[in-house]
Amino acid sequence: MIERVVLVGFSGTGKSTIARHVAGRLGWDVCDMDAEIQRRLGLPIPRIFRELGEPEFRRTEATVFRDALRRHRVVIDTGGGAVANEAIWEVLDGDPATLTIALDASPETILQRLRDQLATAGEATRRPMLDAADPLARIRELKRSREDFYARARVTLPVDGRPVERTSGDIVELVRLASGEPTDLSLVVPGAASRILVGPGTRSRVPALLREHWPRARHAWLAVDAGAYAHHRAWAEGVGEAAGIPACVREVASGEASKSLAGLGKLYDWMIAGGVERGDVAIAAGGGVVGDLVGFAAATVLRGIGLMQVPTTLLAMVDSSVGGKTAINHPGGKNLIGAFYQPAVVVVDPQFLTSLPARELRAGWAEVVKHAMIEASVPGGENGFLRGVLERNARALARLEEPVLSWVIRRNIALKAAVVAADEREARLRAILNFGHTIGHGIEAAGFALLHGEAVAVGMMAAMTIGVRKGLVTDADRDRLARLLRAFGLPTDAQADAAHVRAKMARDKKKDAGVQRWILPVAAGGVEIRTDVRQEDVDA
């Protein structure tokens, strides 16, 4: 259970204002360290530095900080240099009840905010760095000297251009996730709705959710990816008993070969021979292969039974388990036979990821990066925020650290849900979710030498290259994406037979009136749907 939130970051990142908002939402107290230092020393901060000197300020600051860390249900607003102290981090790093969050902004944003604060609040708010011959250079220098300390926070949030309310809401969500409270999202489309639970340990809620949503079910048909079953057999076999519903458990072989007419037929035979009824529920536990396959079986057996998705891979958690797309492959291409069928419940437990093979985990980050790239084009999305979060928290995310992992997964699901709610059947907007998939699917379908996420990563780089050639974005934009992909261990190019890839692309289901639709990046952020891509750009 989290008892304290410590906000760290450079002066001008909005810690004081955000601390008040967060405390108000949580019903907690606020400890404004600068205000407490001024109270104890009886002087405003500029005079403390001038008359008592920085060493005295820092000694008092350390005492105030130690005292604050003994309090409960408090949001602590630290000074910009308060955490540039190894002794402080020895306390913070070893305290599971304290959540440390760094707020980050560009030096230019910081300088403007400090000047605005001085103009509106007066000399009491003057920071010594503003008196430097080159304040911007001084801010850059100081910020760089403290970055290693700020980077030790459990989560870093960019605040450039963000409303205080949004950042405060994010922090409250992080506190709840870190305290073991799952987040509950909903996706509503005409005629259907999905309830989506995200958080560590949420798999334990599956039995209760079965009783709540399918009280008249005679059977629960639980199909589990073979790889996941090897690690989570006890959970899978205990679901039915805990729910009080007979559960029929079946392993599904890992890999795209299962997502076929033959694989679908085996599921039909299993369910029909076992006496499946219209009131029953199918549960897909695994990655995108199992989710797509079982989802299509649930949509079509007896013209439709209940469906719950329990994704066990990162790729499925942030993408395929949400939105209602179900499908199987055909020799002519990937996902060519399917249906839209919304799961009533999606249970996302990031703890499944600890048993995921390293390569599959890395592949999942591709869809996370994709959502970051399209975010500005999503209803209610922000320009560059998720990308900034990924860039600043890449190491923690790759190590599956909480609560940032669950929060990022939740953010991705919210973006995906917003797109699906606006365009369930891909009439227009939902096509932006295919950023990186046009060439990516072609590469994947041409031989499956790459995992889906790896192919999408290469496909995103291809789309960026086309964007550069068309003058939509710059080389710097493409290079920034490449750095982000590499930070998560993803490829940025691939060896493939170009003619074979083109042949697979020719059967792409995303064509419109015979014209290939491309999702390309734009300079202002986000993406747009284009049909004016020349063959020579594709060849390049």
Verdict with reasoning, L386 to N412, per side chain to side chain contact (heavy atoms under 4.5 Å, CB included): CA-CA 9 Å; L386 179 57; N412 275 263; 3.9 Å; yes

Candidates R517, H441, E426 - the one meeting side-chain hydrogen bond (donor to acceptor under 3.5 Å, both in side chains) with N434: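 Exactly one pass, corresponding to E426.
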
Working for side chain to side chain contact (heavy atoms under 4.5 Å, CB included), residues I328 and L293: CA-CA 6 Å; I328 58 173; L293 175 65; 3.9 Å; yes

Over 12 non-hydrogen atoms of neighbours within 6.0 angstrom of [atom1] in [X]:
X	atom1	value
E212	CD	yes
R218	CZ	no
R430	CZ	yes

Side-chain donor/acceptor of [X] to backbone N/O of [Y], under 3.5 Å:
X	Y	answer
S179	I2	yes
H219	W221	no
T492	A482	no
D280	I305	no
R4	R71	yes
H371	V369	no
K370	L433	yes
D349	G201	yes
D225	V290	no
N393	V155	no

Which heavy-atom pair separates [X] from [Y] by the least distance, and what is that distance?
X	Y	answer
L405	P350	CD2-CB, 3.8 Å
L490	A363	CD2-CA, 3.9 Å
A220	I245	N-CG2, 3.7 Å
W214	G306	NE1-CA, 3.5 Å
V347	V345	CG2-CG1, 3.8 Å
T13	L103	CG2-O, 3.6 Å

Atom [atom1] in [X], atom [atom2] in [Y]: separation rounded to 0.5 Å?
X	Y	atom1	atom2	result
I101	R154	CD1	CZ	9.0 Å
Q342	T326	CD	OG1	10.0 Å
R203	Q351	CZ	CD	5.5 Å
L264	F296	CG	CZ	6.0 Å
N329	S260	CG	OG	8.0 Å
S406	I413	OG	CD1	9.5 Å

Do we see a donor-acceptor contact under 3.5 Å between the side chains of [X] and [Y]?
X	Y	value
H232	S355	yes
H452	E367	yes
T300	Y268	yes

Just wondering, do [Y] and [X] contact through their side chains at under 4.5 Å, heavy atoms?
X	Y	value
I409	L314	yes
P343	M308	no
V289	S254	no
R73	D29	no
V420	V322	no
V189	F340	no
L415	I374	no
S320	L315	no

R411 and V389: CA distance, side-chain angles, deciding distance, side chain to side chain contact (heavy atoms under 4.5 Å, CB included) verdict: CA-CA 11 Å; R411 177 81 177 184; V389 169; over 6 Å; no

From CA spacing to verdict: salt bridge (Lys or Arg N to Asp or Glu O under 4.0 Å), E454, R359: CA-CA 9 Å; E454 294 169 335; R359 185 183 176 195; 2.7 Å; yes

Residues R480 and E391 bridged, charged N to O under 4.0 Å: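 Between E391 and R480 there is a salt bridge, with a charged N closer than 4.0 Å to a carboxylate O.
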
Qualifying residue for salt bridge (charged side-chain N to carboxylate O under 4.0 Å, His left out) with R410, from E173, E402, E181: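 Of all the options given, the one that passes is E173.
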
D104 and its salt bridge (charged side-chain N to carboxylate O under 4.0 Å, His left out) partner, picked from R162, R392, K15: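 Exactly one pass, corresponding to R392.
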
Worked check of side chain to side chain contact (heavy atoms under 4.5 Å, CB included) between I519 and I529: CA-CA 5 Å; I519 315 304; I529 302 169; 3.7 Å; yes

